[in-house]
Amino acid sequence: MTIRVIWFKEMLDTLRDRRTLWAMILGPVLIMPIFVLLPQKLIQRQMETQEAEVVRLAVAGAENAPGLIAYMQASGEVVLIETADPAEAVRSEEAAVGLVLEEGFEVAVQEERPAGMQILADESELTGGVQVGRIQDLLAAYGQSVVEERLASRGIDPALVAPFSIESVNVATPQEMSGAFLGMMLPMFIVLWALVGGMYTAIDVTAGEKERLTLEPLLTTPAGRAHLVLGKLAAVVTTSLVALALSVASMLVAFALVPLGDVEGEALRLQVEPQTALLLVLAALPVVLMFSALEMAVCILARSFKEAQNYVVPLQFVVLIPAIGVMVMPDLAPPLAGYTIPIFSTLVVLRDLFLGRVDVAAFGVMTASSMLYAALAVLLALRQFGQEKVLFRV
Amino acid sequence: MIEVMGLVKHFGPVRAVDGISFSARDGEVLGLLGPNGAGKSTTLRLLSTVLRPTAGTARVDGHDLIREPAAVRAALGVLPEYWGLYGRLTAREHLRYFGRLYGLDGSRLERRIEEVTALFAIGEYADRRCEPFSKGMKQKVALGRALIHDPRHLLLDEPTAGLDVMSARGVREVIARLRDEGCCLILSTHILGEAERLCDRLELIHHGRIVASGTPEAVRNQAGVETLEEAFVALVGEPTAEEAG
């Protein structure tokens, strides 16, 4: 009863605070889709333009291989830039790819001797690979046409040198296709919202009470300190959960609206089942409780809102460090005992839930151990509120 | 009835309260008088159970401070030395929140809120957020909050501090009225005029100890002087280096 009274008042108070509204509602709804989808879209857009664009090709020794050059020009995929120094042209980004054709190339081809050339590319360019690949494909196709001519001149069916044909079929689900990227972003953001969503409320109900001098009047009411802590904790957990649920929901909407790309002309859309979404929120519940209690235990030490912010912001590193660990090892599958590591275990389970490959035992171990840590954090918060030294800094 | 029995509170090496005993009867205003830092506020914070005594105890209507803190808090209405309001809540929401924390509910709570808003003439401000209120308005809300459960015992730490003449007068009227209704009030003050006019009995506190007690008249006689101010100077003496600094 008392707990509900306190929860209700804190919710009323926090919902009238713009800072909470940002952290709880606008942040998750606006920022999540942007952070998750925008980089994906940008990379894709760049790939697409590179696919469509003609490749600027710097060539040295074009006169050595008129046949090849004619073939390249006929393809319509390249713009030739004749230069003595193609390496410099690539470095200065005048050309995307460089080609050096050795003297006597054409003659060697006609005389059926091995002919030499060099492809120059700037491998430090992240997206250069696409254009180099296109030039290599063109060169290979030219090579193939030369071989076919030679075989034809000897009366041999070109099919003889192509004993089988290969067709690659993509069997990965959209989840897995985008998993490498989203599989590392999504868990981090979910856990981050679990932390940030309730942060302002946690500060407001602890250090905020001290700053406004409302703590002492509150302590003179018959409400026990444990009830005060639990009522306030319930409010912090509520705001965190709302932030978390909204961030998951806004992402589902974004996935449904924005295709992640297309495979053979068909739009690729991520489908996250409602059950999966529910499990994502459920799996994050213990860390929500733990973070909320930890934030309160830390913030009650502070005498002012600003001081509390200084204490609580470093908590974000507690999330970011394991999150980066999970990010750089997308295939990381820890042994069952590894699921007792707080935060890290939740990140791994969230990732696997999203990719649809979660292990029930791992989920169980993660939930049980995380609840234990959450309980310890709640005990710590209760202890803090029982101490004169903490409440009054005497 | 509030009985204080040998209360002691140490903050590290500082003996803020150093063995204080007194009692306050129903229908009486007891004043704790003393210079800044004498231990008045600490005594009141011990009585309101916000701080735990190093030694000694007290009883409020027979409820022991240490063994039944919740019962003590339920019996008391408290205005601490430092108090504030929730800026985003209205005056009425403050009264409702504290009323509920004191276990009031439903029509009983709403009726009590009406009584308190009428007592302090908060009426027209009742549904406005407290942030922009004047100091006097805020003090009315804070006092109303302390009285919401109609307590029979009140601890008021400097109840007129920082108020203009009219507001202070209003607060003194409420205090007198509560006394006439049979409440037991303990208030701290360093304003001698207020102590003289408002208090039935005084406990003069200095360095955490009681140095004189009785009616204002008895305190004056004890010091053998005409006015309370002279008695105060005689009993408390010249400020020590610590107090002056």
Side-chain angles (χ1 to χ4, degrees), chain A residues 1-21 200-201 203-232 235 239 300 303-305 383 385-394, chain B residues 9-12 14 16 41-42 44-54 68-90 93-94 96-105 109 129-131 138 141-143 145-146 148-149 151 154-155 157:
Chain A
M1 171 63 201
T2 311
I3 295 176
R4 212 181 63 206
V5 169
I6 294 161
W7 173 81
F8 182 80
K9 179 263 161 189
E10 298 297 4
M11 288 311 295
L12 183 69
D13 206 348
T14 210
L15 285 174
R16 288 181 185 169
D17 187 355
R18 274 200 207 96
R19 287 171 299 198
T20 321
L21 287 183
Y200 281 112
T201 307
I203 297 175
D204 207 47
V205 301
T206 54
E209 294 259 18
K210 283 192 189 179
E211 189 173 288
R212 286 184 301 254
L213 303 173
T214 45
L215 184 61
E216 197 164 325
L218 193 57
L219 293 175
T220 62
T221 70
R225 293 198 187 172
H227 286 112
L228 285 179
V229 175
L230 295 178
K232 286 168 178 291
T239 43
I300 191 62
R303 270 170 292 210
S304 68
F305 209 97
R383 210 181 104 87
F385 271 75
Q387 292 192 310
E388 270 174 28
K389 279 202 169 77
V390 172
L391 291 183
F392 304 111
R393 286 278 196 90
V394 287
Chain B
K9 181 65 181 179
H10 294 176
F11 296 116
V14 181
S41 291
T42 306
L44 291 177
R45 290 172 102 189
L46 289 170
L47 285 176
S48 67
T49 80
V50 168
L51 296 179
R52 240 184 116 80
T54 309
E68 307 161 83
V72 167
R73 287 197 295 268
L76 289 172
V78 183
L79 182 74
E81 179 182 15
Y82 300 111
W83 54 264
L85 302 177
Y86 302 105
R88 294 186 294 267
L89 296 194
T90 68
E93 283 161 351
H94 275 87
R96 194 171 286 141
Y97 180 41
F98 275 71
R100 284 184 178 149
L101 290 177
Y102 280 103
L104 299 182
D105 210 355
L109 174 61
R129 293 192 187 182
C130 293
E131 187 89 72
K138 285 183 178 170
V141 178
L143 271 170
R145 181 169 70 178
I148 190 68
H149 56 303
L154 281 150
L155 307 179
D157 200 339

Checklist outcome for this item: Closest heavy-atom pair, B:His149 versus B:Leu104, reported as atoms and distance to 0.1 Å, is CA-CD1, 4.1 Å
Checklist outcome for this item: chain B shares the most heavy-atom pairs under 4.5 Å, among A:Pro217, A:Gly208, A:Ala223, A:Gly224, with A:Pro217
Checklist entry - Any salt bridge between A:Arg16 and B:Glu93, counting N to O under 4.0 Å? => result yes
Please table the atom pairs, donor to acceptor, closer than 3.5 Å between any side-chain atom in residues 78-86 of chain B and protein atoms at least two apart or in another chain.
residue : atom : partner  : partner atom : Å
B:Glu81 : OE1  : B:Ser41  : OG           : 3.2
B:Tyr86 : OH   : A:Glu209 : OE1          : 2.8
B:Tyr86 : OH   : A:Glu209 : OE2          : 3.2

Item to check | Nearest atoms (heavy-atom pairs only) where B:Tyr102 meets B:Arg73 | outcome: CE2-O, 3.6 Å
Next on the checklist: Is B:Arg129 close to chain A through its backbone or its side chain, or both, or neither, when contacts mean heavy atoms under 4.5 Å?
Outcome noted: side chain
Checklist entry - Which bit of A:Ile6 is near chain B, if near means a heavy-atom gap under 4.5 Å: side chain, backbone, both or neither? => result both
Checklist outcome for this item: Per-residue tally against chain B (heavy atom, under 4.5 Å) across A:Leu12, A:Thr2, A:Thr214, A:Val5 peaks at A:Thr214
